[in-house]
Novice: 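Pasting a structure here, questions to come.
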Amino acid sequence: MPAMAQDAALPQAATASSPSNPVPAKPAPAPVPGTAKDSDSPSWLRRIVGSGNTQSGPPVVSNPTPFAETQPTIPLYEAIPGFLQASYGPPSFGPPYGTTHMFGDWGGVQPWLQKRGLYFALDAYEDIAGNVAGGKRRAYSDAGQLGSTLDVEWQRLLNAGSWADDFWTHLLVVNGHGTNLSRLFGDNSNQVQQIYGSRGNVVAHLVWAYFEKAWLQRKIDLAVGWVPSGTFFQNSPWVCNYMNVWLCGGESPTKFMAGSRGWPSGNIGATLRIMPIRQFYLMGGLFAVSPHAYNGGISGWAWGQDNLGKLSSQFEAGWIPDFGPDHLIGHYKVGVMYDNSRYSDLYEDIHGNPWVLTGLPPRKRSGQTSVWALADQMLVRHGPGELNGVILGGYFGWGSGQTSQISHSFAAVLMDTGAWWNRPLDSVGIAFIWSKFSRSATLSQEAAAANDLALPGGNYGLPYGIQGHESVYEAYYGFHIMSGFTIKPDFQYINHVGGTTVFKDAVVLSTAVNMAF
């Protein structure tokens, strides 16, 4: 949505398994002392919203999950819910947003729906941000959205035959609003607010709507429909802990290419995932490439757009080990994307000369490629939960520089929870992000500048000066207020705003509020 709170205390049985689909489980390590409960909320809040979800049976997972545009995750050592353990993305065999709600069980409505295989959630997210120094000018903005998700487990709903086993439908719709702060202070290449962009000025923007079916005890999983390819591929559980869009929702530069646009842009396509053992998976996908600014039109519902003849194919392999008696979980993955569309060269014309000077049409390049590698490893565990501990992570991405304005990106992150100071559902993190603009883009801009011509842009927007590289330093702290309610202050320092030295480095402060109803 949709910003799902990182505070979600997700009961393992609620999303990972069902009576009709039992899964093996290993015992979880003992919870750390001081694990937060709903009763930790202020008394005045409990009187208004109640005590929240109460579960008996399996242990509750104290899992500070990613803050936005993602979903709670299940500890791999507690359950083996098929592909849910294999790669980040819309989970298999369970509602993406679990069963954690700020308003408890809605007076019995949620249990009634879930008993019938219907998982429904609403989520509100607001991010108020401003650059307090540097950039083109001082600016402030609010960006947010209201999201709703519905997941249907057809076996529970219909009580049908074996054909309905492990058969789901997933639907996600959002309403976004706000202003892009980065553009206000002169950065057309990056976004410091993760929730802004690609939603269109519409009441209900479709993010995904797809069917999912699995076979062979969930070792094979197929998703077909309107799917955000960047949510399945080149993504990891921690990326949306951070605000910056170069991290959240998939890695740059891949998700800014038309063949692999990230969340909230969907594509007509299919993803096949094979997981022969619980520590390894292979995943492949095939998606229609939209030549338009918006996939599915501005609303996302126009699946029958014209000129959809080209295809993007993606492949990813992942290893998900957990080490030692504390189950120190890691996610290691590599992937490649190839789009067989034709794209304009950023520098050369049809004769190999700079088109900004000759005025001739740019050379058309057949195909666009990107590769990525992502890794994270838990170093110290604080308690149950896939992200409940000290985690070191990062990624490297490369894209075809002749047609992509950014050719290389790198990120390094370090995250932890508040267990050290008895706030186990809080989270804290720092990140360094670096992106290099392609040689073709730079040469074209230099040629234009030398001849007093307007600087050309690309898939990252128009520049204010000749682009080289841009770096972002980010730090956040996520406060768990109560079940389904989090507040996250965030700091970002942007070096070389927009990839240029035209403006002074910018300092951005923001606060995001998330409520999962």
Side-chain angles (χ1 to χ4, degrees), residues 180 182-183 186-192 196-200 228-230 233-234 244-267 287-296 298 305 307-308 310-312 314 336-348 354-356 361-372 397-409 433-445 448 454-470 472 496-500:
N180 186 342
S182 292
R183 290 188 179 179
D187 193 341
N188 291 330
S189 303
N190 192 3
Q191 290 176 196
V192 294
Y196 181 81
S198 300
R199 289 155 182 81
S229 64
F233 295 86
Q234 38 94 35
N244 196 281
V245 168
W246 278 354
L247 264 177
C248 183
E251 56 86 27
S252 171
T254 305
K255 72 173 182 177
F256 291 95
M257 296 178 171
S260 186
R261 286 173 178 161
W263 199 104
S265 294
N267 308 71
F287 304 94
V289 179
S290 173
H292 306 281
Y294 286 89
N295 291 12
I298 196 169
Q305 287 181 303
N307 300 318
L308 291 180
K310 298 299 182 178
L311 296 172
S312 168
Q314 301 189 41
V336 60
M337 183 274 293
Y338 178 75
D339 171 8
N340 68 359
S341 306
R342 291 170 60 83
Y343 294 96
S344 296
D345 193 288
L346 296 177
Y347 178 67
E348 294 183 1
W355 57 262
V356 294
R363 171 176 291 179
K364 290 294 184 179
R365 295 285 181 180
S366 296
Q368 193 173 57
T369 304
S370 71
V371 297
W372 59 87
W398 174 87
S400 300
Q402 293 172 318
T403 54
S404 173
Q405 200 171 350
I406 286 181
S407 57
H408 298 76
S409 286
I433 314 167
W434 174 86
S435 287
K436 179 183 181 296
F437 289 82
S438 72
R439 181 62 176 161
S440 293
T442 301
L443 287 174
S444 189
Q445 293 161 9
L455 299 181
N459 56 325
Y460 284 78
L462 293 173
Y464 284 92
I466 296 173
Q467 294 175 307
H469 69 271
E470 182 171 356
V472 179
H496 289 187
V497 174
T500 78

Novice: State the CH2-OG distance between Trp355 and Ser444, to the nearest 0.5 angstrom.
Specialist: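 Answer rounded to 0.5 Å: 5.0 Å.
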Novice: For the atom pair OG (Ser370) and CZ (Phe233), what is the distance rounded to the nearest 0.5 Å?
Specialist: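 Ser370 OG to Phe233 CZ: 11.0 Å, rounded to 0.5 Å.
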Novice: Judged by atom type as modelled, is there a donor-acceptor pair below 3.5 Å linking the side chain of Thr442 to the main-chain atoms of Gly468?
Specialist: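 Checked: no pair found.
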Novice: From the options Gln314, Lys255, Gln368, select the one residue that forms a side chain to side chain donor-acceptor pair (under 3.5 Å) with Ser260.
Specialist: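 Result for side chain to side chain donor-acceptor pair (under 3.5 Å) with Ser260: Gln314.
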Novice: Donor-acceptor pair, Asn295 side chain versus Gly266 backbone, under 3.5 Å?
Specialist: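 Present.
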Novice: Heavy atoms, side chains only, cut-off 4.5 Å: are Ser344 and Lys364 in contact?
Specialist: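 Side-chain contact under 4.5 Å: yes.
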Novice: Can you give me the closest heavy-atom contact between Arg365 and Gln402, atom names plus distance?
Specialist: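 Closest pair (atom of Arg365, atom of Gln402, distance): NH2-NE2, 3.3 Å.
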Novice: On a heavy-atom basis, which atom in Glu348 and which in Asp345 lie closest, and how many Å separate them?
Specialist: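 Here Glu348 and Asp345 meet closest at N-OD1, 2.8 Å.
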Novice: Does Gln191 use its side chain to pair, donor to acceptor, with the backbone of Ser182 at less than 3.5 Å?
Specialist: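 Checking the backbone N and O of Ser182 against the side chain of Gln191, no donor-acceptor pair under 3.5 Å is found.
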Novice: Measuring only between side-chain heavy atoms, which start at C-beta, is Arg261 closer than 4.5 Å to Ser290?
Specialist: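 Yes. Closest side-chain heavy atoms under 4.5 Å.
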Novice: Quick one: does Gln405's side chain have a donor or acceptor within less than 3.5 Å of a partner on Gly457's backbone?
Specialist: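 No, the answer is negative, given that no donor and acceptor are paired below the 3.5 Å cut-off.
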Novice: Look at the side chain of Asn340 and the backbone N and O of Leu311, then say whether any donor-acceptor pair between them is shorter than 3.5 Å.
Specialist: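 Side chain of Asn340 to backbone of Leu311, a donor-acceptor pair under 3.5 Å: yes, one is there.
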Novice: How long is the straight-line distance from CZ of Arg439 back to CG of Leu346, given to the nearest 0.5 Å?
Specialist: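 Leu346 CG to Arg439 CZ: 13.0 Å, rounded to 0.5 Å.
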Novice: Measure across Ile406 and Ser252 and return the closest heavy-atom pair with its distance rounded to 0.1 Å.
Specialist: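 Closest pair (atom of Ile406, atom of Ser252, distance): CG2-OG, 4.4 Å.
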Novice: When the ring planes of His408 and Trp398 are compared, do they come out parallel, tilted or perpendicular, using 30° and 60° as the limits?
Specialist: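 Correct class here is perpendicular.
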Novice: Looking at Met257, is its backbone amide N or carbonyl O close enough to the side chain of Asn459 to form a donor-acceptor pair, meaning the two atoms are under 3.5 Å apart?
Specialist: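 Absent.
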Novice: Rounded to the nearest 0.5 Å, what separates atom OH in Tyr347 from atom OG in Ser438?
Specialist: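 The distance works out to 12.5 Å.
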Novice: Locate the shortest heavy-atom distance separating Ser341 from Asp339; write the atom from each residue and the value.
Specialist: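 Shortest heavy-atom contact: OG-OD1, 2.7 Å.
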Novice: Please give me the minimum heavy-atom distance between Pro456 and Leu462, naming the atom from each residue.
Specialist: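 Heavy atoms only, the tightest pair is C-CD2, 4.3 Å.
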Novice: Which heavy atom of Val371 sits nearest a heavy atom of Thr254, and at what distance?
Specialist: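 That would be O-OG1, 4.5 Å.
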Novice: Between Tyr460 and Phe437, how do the two ring planes meet: parallel, tilted or perpendicular, split at 30° and 60°?
Specialist: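 Answer is perpendicular, since the angle exceeds 60°.
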Novice: Examine distances only and state if a side-chain atom of Trp246 and a backbone atom of Ser189 form a donor-acceptor pair shorter than 3.5 Å.
Specialist: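 Looks like yes, one N/O pair under 3.5 Å.
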Novice: For Gln234 and Met337: C-alpha separation, side-chain torsions, deciding distance, then whether side chain to side chain contact (heavy atoms under 4.5 Å, CB included) applies.
Specialist: CA-CA 10 Å; Gln234 38 94 35; Met337 183 274 293; over 6 Å; no
Novice: Does the side chain of Glu470 come within less than 4.5 Å of Asn190's, by heavy atoms?
Specialist: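 Asn190 reaches Glu470 side chain to side chain.
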